[in-house]
Amino acid sequence: MHLPGARAGAPGAPPAAATPAERAAWLVAVADALDANADELTALANTETHLPVAPRLQGELKRTTFQLRLFGEVLHDGEFLGATVDHADPAWPMGPRPDIRRSHTPIGPVLVFAASNFPFAFSVAGGDTASGLAAGCPIIVKAHSGHPELSARTGQIVKEALAAAGAPAGIFDVVYGQPVGVAALNDPRIQASSFTGSVPGGRALFDIASARPRPIPFYGELGSVNPVVVTPAALAERGEAIAKGYAGSFTLGAGQFCTKPGLLFLPEGHGLEDTLREAVAGIAGQAMLNDRIAAGYSEGVDKLRGVSGVEVLAEGGGQGPEFTPTLFATTAKSFLADADTVREECFGPASLIVTYTDQAELISLLDVIEPGLTATIQGEESDADWVRPLLPSLTKIAGRLLWNDWPTGVTVSWAQQHGGPYPATTAPTSTSVGTAAITRFQRPIAWQSFPDALLPEALQEANPWQLPRRTDGRR
């Protein structure tokens with residue numbers, strides 16, 4: 001099997017040998033090429049995924065090129081290298097200290113499993129590819145079967161842009177098919193892998209990566225129910241607006257976002273039933289990404305219908321190609337009695353309302369749900385004392401907490417965190433969105449007592465790249 005980096009293994013050729021400025025230029029070149037072919041790419045994506053060109057696919061492609069350019073800024077900034085210098089110190093309290101210098105280096109060839117629901121932002125030229133190339137790693141992308149023609153064309157554009165920008169040959173490639181993807185994951189040249197998709201698929205790949213003779217990091221984003229808590233004060237102040245916002249959030253993109261709010265915790269006797277029904281009834285039918293996802297959604301909805309104590313508050317429909325949303329409701333008591341179904345993600349335009357009687361019961365609910373990517377509070381400033389006891393439970397189950405916002409919408413920024421405890425991800429200490437994503441594809445090396453001429457540029461005494469560094473404990 002050909003893997004990226006095989007031809008780039010000659011002296012001086014690996015992407016790791018390029019300066020951060022050179023790698024930044026590669027990323028900008030890829031972004032420019034994708035923008036130049038936007039009309040063709042969005043049309044292809046529309047054909048294969050049923051997602052609308054405007055505004056969805058146009059916006060997603062813009063996000064994709066933005067994050068490529070943002071990682072260029074990360075490279076120019078230089079902090080991602082974590083350069084740290086401890087000069088030799090004979091008076092060090094632990095005993096004489098040798099000269100030690102630490103920085104991050106690329107982990108090696110990375111295998112990226114593309115997602116179905118984001119054909120640009122989490123696919124061939126998506127965030128994992130951008131952060132991996134920025135880190136200095138060769139990238140191989142296993143294309144998703146839901147959009148093969150788009151993957152092939154995007155891959156061609158990326159390759160041509162990298163070559164025109166002077167990147168080493170063979171640092172990027174796209175492969176197809178599950179057997180090929182599994183073979184690549186087992187290839188000893190692959191040093192890390194990333195994945196966005198279902199819990200069963202991600203867990204199977206995680207187990208393969210962990211069972212290798214030399215296990216590798218596997219950064220899987222799997223499933224998430226993304227609970228939303230509505231406080232009594234918020235219900236009284238703006239309950240109708242919250243109900244409408246919630247309906248819009250869980251049905252956005254036919255509910256096919258990993259950040260879809262799948263659970264809404266409302267105070268008992270909330271009185272929003274009619275408002276919720278009307279809001280959901282106003283949502284037009286939407287096509288699912290493909291038949292497999294549509295079948296999985298229908299199965300999930302049927303399972304919820306069969307749970308004791310769960311009622312259908314707003315009946316959806318459709319057997320394809322378009323589905324209208326379904327809204328379920330239950331009580332805290334029934335929710336706590338069910339072991340599995342009500343706590344699982346139902347990927348698609350369905351969500352479950354759970355009513356609670358008081359703060360203590362709400363905390364008991366939060367303590368039994370599966371961890372996820374997000375947790376949201378719809379509250380009032382006056383709620384601070386009421387909300388504070390919830391925070392330990394919320395921080396335990398989510399990587400991003402939201403106040404009076406909705407989780408569907410993950411901006412790409414320096415402070416973003418898109419991750420969480422399993423099953424949200426297989427690596428809760430990392431993020432797949434935002435500039436910190438680059439750290440997944442690096443590893444630290446300490447250089448002790450090396451002559452300056454043999455040190456990497458990031459650690460040389462003259463600091464030729466003018467990096468932000470910590471020297472002898474001081475920034």
Side-chain angles (χ1 to χ4, degrees), residues 14-24 27 67 69-108 110 127 130-137 191-192 194 215-217 219 391-392 395-396 398-401 411-421 425-475:
T19 67
E22 289 171 334
R23 298 205 295 267
L27 296 176
Q67 63 192 7
R69 294 187 177 96
L70 182 61
F71 277 108
E73 294 182 28
V74 171
L75 289 164
H76 285 298
D77 170 77
E79 188 177 4
F80 76 100
L81 287 167
T84 306
V85 175
D86 288 340
H87 290 108
D89 183 357
W92 188 244
M94 290 290 295
R97 183 181 73 193
D99 186 286
I100 301 177
R101 303 179 182 222
R102 183 181 191 268
S103 67
H104 298 151
T105 193
I107 198 169
V110 172
S131 55
L133 287 173
C137 300
Q191 296 301 302
S194 65
I216 60 171
Y219 299 101
L391 296 181
T395 56
K396 189 165 57 178
R400 180 166 59 110
L401 303 182
T411 192
V412 182
S413 72
W414 296 84
Q416 186 59 272
Q417 173 63 28
H418 190 63
T425 71
T426 59
T429 58
S430 68
T431 179
S432 62
V433 178
T435 60
I438 194 173
T439 62
R440 297 172 300 164
F441 306 128
Q442 299 175 296
R443 65 180 181 88
I445 296 180
W447 302 72
Q448 183 169 325
S449 302
F450 265 70
D452 197 68
L454 293 179
L455 289 169
E457 286 89 338
L459 297 178
Q460 290 174 6
E461 190 65 20
N463 194 6
W465 291 348
Q466 296 300 295
L467 298 173
R469 303 200 302 197
R470 180 181 292 273
T471 302
D472 296 329
R474 297 180 179 86
R475 290 189 179 91

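Worth saying up front: this structure is predicted, and the values here are computed from it rather than measured.
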How far apart are the closest heavy atoms of [X] and [Y], and which atoms are they?
{"X": "I100", "Y": "A446", "result": "CG2-CB, 4.2 Å"}
{"X": "I445", "Y": "T105", "result": "CD1-CG2, 3.5 Å"}
{"X": "A130", "Y": "F71", "result": "CB-CD1, 3.8 Å"}
{"X": "A398", "Y": "P421", "result": "N-CD, 4.3 Å"}
{"X": "P106", "Y": "C137", "result": "CB-SG, 3.9 Å"}
{"X": "A458", "Y": "N463", "result": "O-OD1, 4.5 Å"}

task: Please assess T19 against R23 for the test side-chain contact (heavy atoms from CB on, under 4.5 Å), listing each intermediate value before the final yes or no.
output: CA-CA 6 Å; T19 67; R23 298 205 295 267; over 6 Å; no

- request: Decide whether H87 and D472 meet the rule of one side-chain donor and one side-chain acceptor closer than 3.5 Å.
  value: yes

- prompt: Under 4.0 Å between a Lys/Arg side-chain N and an Asp/Glu carboxylate O for R101 and E461?
  reply: yes

task: State, with a plain yes or no, whether a side-chain heavy atom of L27 is found less than 4.5 Å away from one of L75.
output: yes

- request: Measure the shortest side-chain to side-chain distance between I107 and P217 over non-hydrogen atoms and say whether it is less than 4.5 angstrom.
  value: yes

message: Please check if the number of heavy atoms outside R443 that lie under 6.0 Å from its CZ is greater than 12.
response: no

message: Surrounding CD of E79 (heavy atoms of other residues, nucleotides or ligands, distance under 6.0 Å), is the total greater than 12?
response: no

- prompt: So, S430 side chain and P428 main chain: donor-acceptor pair closer than 3.5 Å or not?
  reply: no

- prompt: If only atom types and distance count, is the side chain of Y219 paired as donor or acceptor with the main-chain N or O of R440 below 3.5 Å?
  reply: yes

query: Can you list the steps and then say if Q416 with R400 is a side-chain contact (heavy atoms from CB on, under 4.5 Å)?
result: CA-CA 8 Å; Q416 186 59 272; R400 180 166 59 110; 3.2 Å; yes

- prompt: Are Q448 and D99 close enough, and set up right, to give a side-chain contact (heavy atoms from CB on, under 4.5 Å), and what steps lead you there?
  reply: CA-CA 6 Å; Q448 183 169 325; D99 186 286; over 6 Å; no

